[in-house]
**Student:** 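Okay, here's the structure, questions in a sec.
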Amino acid sequence: MTEKIRVRFAPSPTGFLHIGGARTALFNWLYAKHNNGTFILRIEDTDRTRSTDEYIEAIIEGMKWLGLEWDEGPFRQTERFDIYKKYIDKLLETGKAYYCYCSSEDLEERRRLAISTGKPQKYDGRCRHLKEPVKEVNPVVRFKMPHHGQTVVDDLIRGHVVFENEQLDDLIILRSDGTPTYNLTVVVDDVDMKITHVIRGDDHLNNTPRQIQIYEALNYSVPKFAHLPMILGSDKARLSKRHGATSVMAYYEMGYLPDALVNYLVRLGWSYGDQEVFTKEELIQYFSFDHVGSAAAVFNPEKLLWLNSQYIINASNEKLAELVIPFLIKERIISEGESLDKEWLMKAIGTLKERSRTLIELAVSLRYYIAEEVEYDTKAKEKFLNQKSRDLLIDLKEGLASIEDFSHQKLEEIFKAVTEKHGVKLKDLAQPVRVAMTGGTASPGIFELIEIVGKKKTLRRLEKAVKAIEA
RNA sequence: GGUCCCAUCGUCUAGCGGCCUAGGACGCUGGCCUCUCACGCCGGAAACACGGGUUCGAACCCCGUUGGGAUCACCA
């Protein structure tokens, strides 16, 4: 490798880090890591009316949560106006740009006319050859686009994309208030930061020929481009809030693991044979644009949920014990500052991880391990806590009261004695006990459940169940 | 509307001219396991948008059609 790879993620802070932005960031990050390159974070905040510091923080928070650490930055374009000014002056001096005195109202009017008459809506270049400044008008600076020939974008994903230069118009690079615009700042920054590969969303493909012209006017070499396909909602429209959560941090709040989201996002557009689940190391090792598809992809929350369940199953009990705490608090299962015995929690989690698809589900299930009392599901109570099970529960309670060792094996012996005495099957006893212990009909195995809940709470719950039947 | 991009099961995708009576995954579904629920395992339904070429041979290459998307700002 002769040239060190340098890539950047350049969000504009006009919103939270969303799913689409996160995937763009991820592909940049992966490409950098795979090639031992540099990943730069650059905040494109030249639109001062829509950018906020809160959003910058939110984007940073999202990237950190996903584990997409950057090597340089975050740089802010609003702190780099001097640099842009220098380049604009250079373009003005070399005759590659000019002042335009048309007012935005006039422009808007002409655009409307063009649309209504079916003409291409394009700036007509009337100020190109102006000799004298127009008095009392703050001009904008426009870039002088070539009128003939073609501009070719050599895209790593799309291949050769050819644009006719006559389609391009003289875009504004400096506003009348003296601030530079996007097409100028991206080029200047990418040159200045020595970006080798511009990896971004498909929606920028049409801007690329304009940017290439600016590179050439400035006499700089053009970087490589890779335009990623868009992420769509279930109706194939661009992904938006209508389709559900789009903010990355919303997935944190819903109990997703960051690596699961990363894994899901990377498979939206990229593949490696038939493999579905990847470690980060594998992703870095395998990633390449050769296997990035070019069609837009529909975001499928169901599959993300499945992946999350896989990541929960594969996570260590210790890790889950840490991660679940905020959710236990949020679900009001424990109170803030309350601590649980870690070993015990880990054991409980071990019985629940394969039936929890999110950390919220895990926390909610943990309730019947932790809470003093359980509430009965009405249907479960009717079906299993009745005269038929009353004596079974009473005998079981007695049996359990007589032992101190609540090990799986010992519990099984007690259960066996009760079922044999009454001539019933295990399930005839297990289901009523399950309802007594959890309030519902679904739980881990009855012996492991009782073992972890412990003698004191178990006896109390059986007692309560018997009373509920008699009531 | 102009320009550009895209097109394999409902969804994500494998496929880079013969290994394809099209493979995997999610979801759906039948069964097994079983104290319930899950996990897991075995099986099923489900796709090459359409029409022309090129070729001995096309999901794959070319051209149209249709359908989706992006973009046309003193937003990024």
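Just so you know, these numbers use all the heavy atoms, side chains as well, and skip hydrogens, waters and symmetry mates. Protein chains get the first letters and strands the later ones, always in sequence-line order, with residue 1 at the start of each.
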**Student:** Measure all distances between protein nitrogen or oxygen atoms and nitrogen or oxygen atoms of nucleotides 19-23 of chain B, and list the pairs falling under 3.5 Å.
**Tutor:**
from: G23(B); atom 1: N2; to: Asp274(A); atom 2: OD1; distance (Å): 2.9

**Student:** Can you tell me the pairing partner of G10(B) across any strand shown, Watson-Crick or G-U wobble, with both distances under 3.5 angstrom?
**Tutor:** C26(B)

**Student:** So if I take residues 178-189 of chain A and measure heavy-atom distances to RNA chain B, which residues fall below 4.0 Å?
**Tutor:** Thr181(A), Tyr182(A)

**Student:** With nearest nucleotide decided by heavy atoms, which residue, Thr46(A) or His291(A), maps closer to the 5′ end of RNA chain B?
**Tutor:**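 The residue whose closest nucleotide sits nearer the 5' end is His291(A).
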
**Student:** Would you say the rings of Tyr182(A) and His204(A) are close, in the sense that their centroids are separated by under 6.0 Å?
**Tutor:**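 Yes, they do, as the ring centres are separated by less than 6.0 Å.
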
**Student:** Would you mind telling me which of C74(B), G69(B), C4(B) lies closest to the side-chain atoms of Asn206(A)?
**Tutor:** C4(B)

**Student:** Sorted by first residue and then second, give each side-chain hydrogen bond (donor to acceptor under 3.5 Å, both in side chains) pair with at least one member in residues 439-450 of chain A; sequence neighbours left out.
**Tutor:** Arg434(A)-Ser443(A)

**Student:** Tell me which pairs pass side-chain hydrogen bond (donor to acceptor under 3.5 Å, both in side chains) where either residue lies in residues 264-274 of chain A, with sequence neighbours left out.
**Tutor:**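 Only Arg267(A)-Glu276(A) qualify under side-chain hydrogen bond (donor to acceptor under 3.5 Å, both in side chains).
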
**Student:** Kindly say whether Ile333(A) contributes a backbone atom to a donor-acceptor pair with the side chain of Arg367(A) at under 3.5 angstrom?
**Tutor:**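 It does not hold such a pair.
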
**Student:** Tell me the interatomic distance from Glu361(A), atom CD, to C37(B), atom P, rounded to whole angstroms.
**Tutor:** 16 Å

**Student:** Determine the interatomic distance between C1' on C50(B) and the same-named atom on A7(B); round to the nearest Å.
**Tutor:** 12 Å

**Student:** Which base, if any, makes a Watson-Crick or G-U wobble pair with U71(B), both distances under 3.5 Å?
**Tutor:** G2(B)

**Student:** Can you name the residues that form a side chain to side chain donor-acceptor pair (under 3.5 Å) with Asp190(A), not counting sequence neighbours?
**Tutor:** Arg8(A), Arg42(A)

**Student:** For Asp395(A), which residues count as a side-chain contact (heavy atoms from CB on, under 4.5 Å) partner, sequence neighbours excluded?
**Tutor:** Val418(A), Lys421(A), His422(A)

**Student:** Just call it for His227(A): base, sugar-phosphate, or nothing, with non-hydrogen atoms closer than 4.0 Å on any strand.
**Tutor:**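 The residue His227(A) makes no contact with any strand.
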
**Student:** Can you tell me if Ser389(A) uses its side chain to pair, donor with acceptor, with the backbone of Phe384(A) under 3.5 Å?
**Tutor:**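 Checking the backbone N and O of Phe384(A) against the side chain of Ser389(A), a donor-acceptor pair under 3.5 Å is found.
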
**Student:** Indicate, yes or no, whether a donor-acceptor pair under 3.5 Å links the base of G24(B) to the side chain of Glu276(A).
**Tutor:** yes

**Student:** So with a 6.0 Å cut-off around NZ of Lys383(A), is the heavy-atom count from everything else above 12?
**Tutor:**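 For Lys383(A), atom NZ is not crowded (no more than 12 foreign heavy atoms under 6.0 Å).
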
**Student:** Name the nucleic acid region contacted by Ser271(A), choosing base, sugar-phosphate or nothing; use a 4.0 angstrom heavy-atom cut-off, strictly under.
**Tutor:**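 Touches sugar-phosphate only.
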
**Student:** Can you check the distance between G30(B) and G68(B), where both ends of the measurement are the P atom (answer in whole Å)?
**Tutor:** 35 Å

**Student:** Ring centres under 6.0 Å, that's the criterion: do Phe415(A) and Phe447(A) meet it?
**Tutor:**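 Here the rings of Phe447(A) and Phe415(A) have centres that are less than 6.0 Å from each other.
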
**Student:** Taking the six-membered ring for Trp, is the centroid-to-centroid distance between Phe39(A) and Phe9(A) below 6.0 Å?
**Tutor:**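 Here the rings of Phe9(A) and Phe39(A) have centres that are no less than 6.0 Å from each other.
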
**Student:** Under 4.0 Å, counting only non-hydrogen atoms across every strand here, what does Gly293(A) touch: a base, just sugar-phosphate, or nothing?
**Tutor:**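 Gly293(A): no heavy atom of the nucleic acid under 4.0 Å.
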
**Student:** Which nucleotide, if any, forms a Watson-Crick or G-U wobble pair with U34(B), using both distances under 3.5 Å?
**Tutor:** none

**Student:** Give Ser294(A) one of three labels, base, sugar-phosphate or nothing, depending on what nucleic acid heavy atoms sit under 4.0 Å from its own.
**Tutor:**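 Sugar-phosphate, no base atom in range.
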
**Student:** Say you pick atom C1' in A59(B) and the same atom in A73(B); how far apart are they, in whole Å?
**Tutor:**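 Per the computed distance, 42 Å lies between those C1' atoms.
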
**Student:** So what does Gln167(A) touch, heavy atoms closer than 4.0 Å: a base, only the sugar-phosphate, or nothing?
**Tutor:**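 Touches sugar-phosphate only.
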
**Student:** Identify which nucleotide among A76(B), A7(B), C74(B) has an atom closest to any side-chain atom of Asp47(A), counting heavy atoms from C-beta outward.
**Tutor:** A76(B)

**Student:** Looking only at atom types and distance, does a side-chain atom of Thr351(A) sit under 3.5 Å from a main-chain N or O of Ala348(A), one as donor and one as acceptor?
**Tutor:** yes

**Student:** From the set G27(B), C74(B), C12(B), return the single nucleotide nearest to any side-chain atom of Leu268(A).
**Tutor:**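 My answer, after comparing the listed nucleotides, is C12(B).
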
**Student:** Using atom P in both nucleotides, what's the gap between A76(B) and U71(B) to the nearest angstrom?
**Tutor:**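 That atom pair is separated by 14 Å.
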
**Student:** Rounding to an integer number of Å, can you tell me how far Arg110(A) CZ sits from C72(B) P?
**Tutor:** 19 Å

**Student:** Output the residues of residues 235-243 of chain A in contact with RNA chain B, where contact means a heavy atom of the residue under 4.0 Å from an atom of the strand; sort by number or write none.
**Tutor:** Lys236(A), Arg238(A)

**Student:** Taking the six-membered ring of Tyr369(A) (Phe, Tyr or Trp), confirm whether the NZ or CZ of Lys347(A) is under 6.0 Å from its centre and within 45° of its axis.
**Tutor:**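 The answer is no, since Lys347(A) fails at least one limit relative to Tyr369(A).
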
**Student:** Mind checking if Asp45(A) touches a base, just sugar-phosphate, or nothing, with heavy atoms under 4.0 Å?
**Tutor:**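 Since no nucleic acid heavy atom lies under 4.0 Å of Asp45(A), the category is nothing.
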
**Student:** With a 4.0 Å cut-off, would you call Lys388(A) and Asp428(A) a salt bridge?
**Tutor:** no

**Student:** Are the charged groups of Asp89(A) and Lys85(A) less than 4.0 angstrom apart, N to O?
**Tutor:**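 Looking at Lys85(A) together with Asp89(A), the answer is yes, because their closest N to O distance falls below 4.0 Å.
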
**Student:** For RNA chain B, which residues of residues 143-165 of chain A approach it to below 4.0 angstrom with any heavy atom?
**Tutor:**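 The answer is Arg158(A), Val161(A), Val162(A), Phe163(A).
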
**Student:** Could you tell me how far C19(B) sits from G52(B) if I compare only their C1' atoms? Round to whole Å.
**Tutor:**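 My reading of the C1' atoms in G52(B) and C19(B) gives 28 Å.
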
**Student:** Atom CD of Glu354(A) and atom P of A38(B): how far apart are they, to the nearest Å?
**Tutor:** 12 Å

**Student:** Can you tell me how far C1' in C61(B) sits from the matching atom in G43(B), rounded to whole Å?
**Tutor:** 38 Å

**Student:** Starting at the 5' end of RNA chain B and moving along, which residue's nearest nucleotide shows up first, Val298(A) or Arg48(A)?
**Tutor:**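 With Val298(A) and Arg48(A) compared, the 5'-side residue is Val298(A).
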
**Student:** Between C26(B) and C62(B), how many Å separate the two P atoms, rounded to a whole number?
**Tutor:** 34 Å

**Student:** Ignoring hydrogens and angles, tell me if any N or O in the side chain of Asp169(A) forms a donor-acceptor pair with the backbone of Tyr123(A) under 3.5 Å.
**Tutor:**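 Answer holds: yes.
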
**Student:** Is there a donor-acceptor pair closer than 3.5 Å between any side-chain N or O of Asn308(A) and the backbone N or O of Leu257(A)?
**Tutor:**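 It does hold such a pair.
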
**Student:** Counting only distance, no hydrogens or angles, is the base of C39(B) paired donor-acceptor with the side chain of Arg355(A) under 3.5 Å?
**Tutor:** no

**Student:** So, does Lys96(A) use its side chain to make a donor-acceptor pair with the main chain of Ala217(A) at under 3.5 Å?
**Tutor:**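 Yes, because the side chain of Lys96(A) sits within donor-acceptor range (under 3.5 Å) of the backbone of Ala217(A).
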
**Student:** Taking only residues two or more places apart in sequence, or in another chain, which ones meet Glu166(A) in a side-chain contact (heavy atoms from CB on, under 4.5 Å)?
**Tutor:**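 Glu166(A): side-chain contact (heavy atoms from CB on, under 4.5 Å) contacts with Glu164(A).
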
**Student:** Between Asp106(A) (CG) and A73(B) (P), how many Å, whole number?
**Tutor:** 16 Å

**Student:** How far does the C1' atom of G10(B) sit from the matching atom of C72(B), given to the nearest Å?
**Tutor:** 34 Å

**Student:** Check nucleotides 41-47 of chain B against the protein and report each pair of N or O atoms closer than 3.5 Å, with its distance, or say if there are none.
**Tutor:**
none

**Student:** Pick out the pairs of N or O atoms, protein on one side and nucleotides 29-35 of chain B on the other, that lie under 3.5 Å.
**Tutor:**
from: C35(B); atom 1: O2; to: Arg434(A); atom 2: NH1; distance (Å): 3.3
from: C35(B); atom 1: O2; to: Arg434(A); atom 2: NH2; distance (Å): 2.7
from: C35(B); atom 1: N3; to: Ile446(A); atom 2: N; distance (Å): 3.1

**Student:** Look only at the side chain of Thr181(A) and the backbone of Ile172(A), and say whether a donor-acceptor pair between them is shorter than 3.5 Å.
**Tutor:** yes

**Student:** Per the ring pair (Phe, Tyr, Trp, His ring centres under 6.0 Å) rule, what does the pair list look like for residues 160-180 of chain A, sequence neighbours excluded?
**Tutor:**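 Residue pairs passing ring pair (Phe, Tyr, Trp, His ring centres under 6.0 Å), neighbours aside: none found.
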
**Student:** Establish whether the base of A76(B) is bridged to the side chain of Asp203(A) by a donor-acceptor pair shorter than 3.5 Å.
**Tutor:** no

**Student:** Starting from C1' on U13(B), measure out to CG on Leu265(A) and report it in whole angstrom.
**Tutor:**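 Rounding to the nearest Å, CG of Leu265(A) and C1' of U13(B) are 15 Å apart.
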
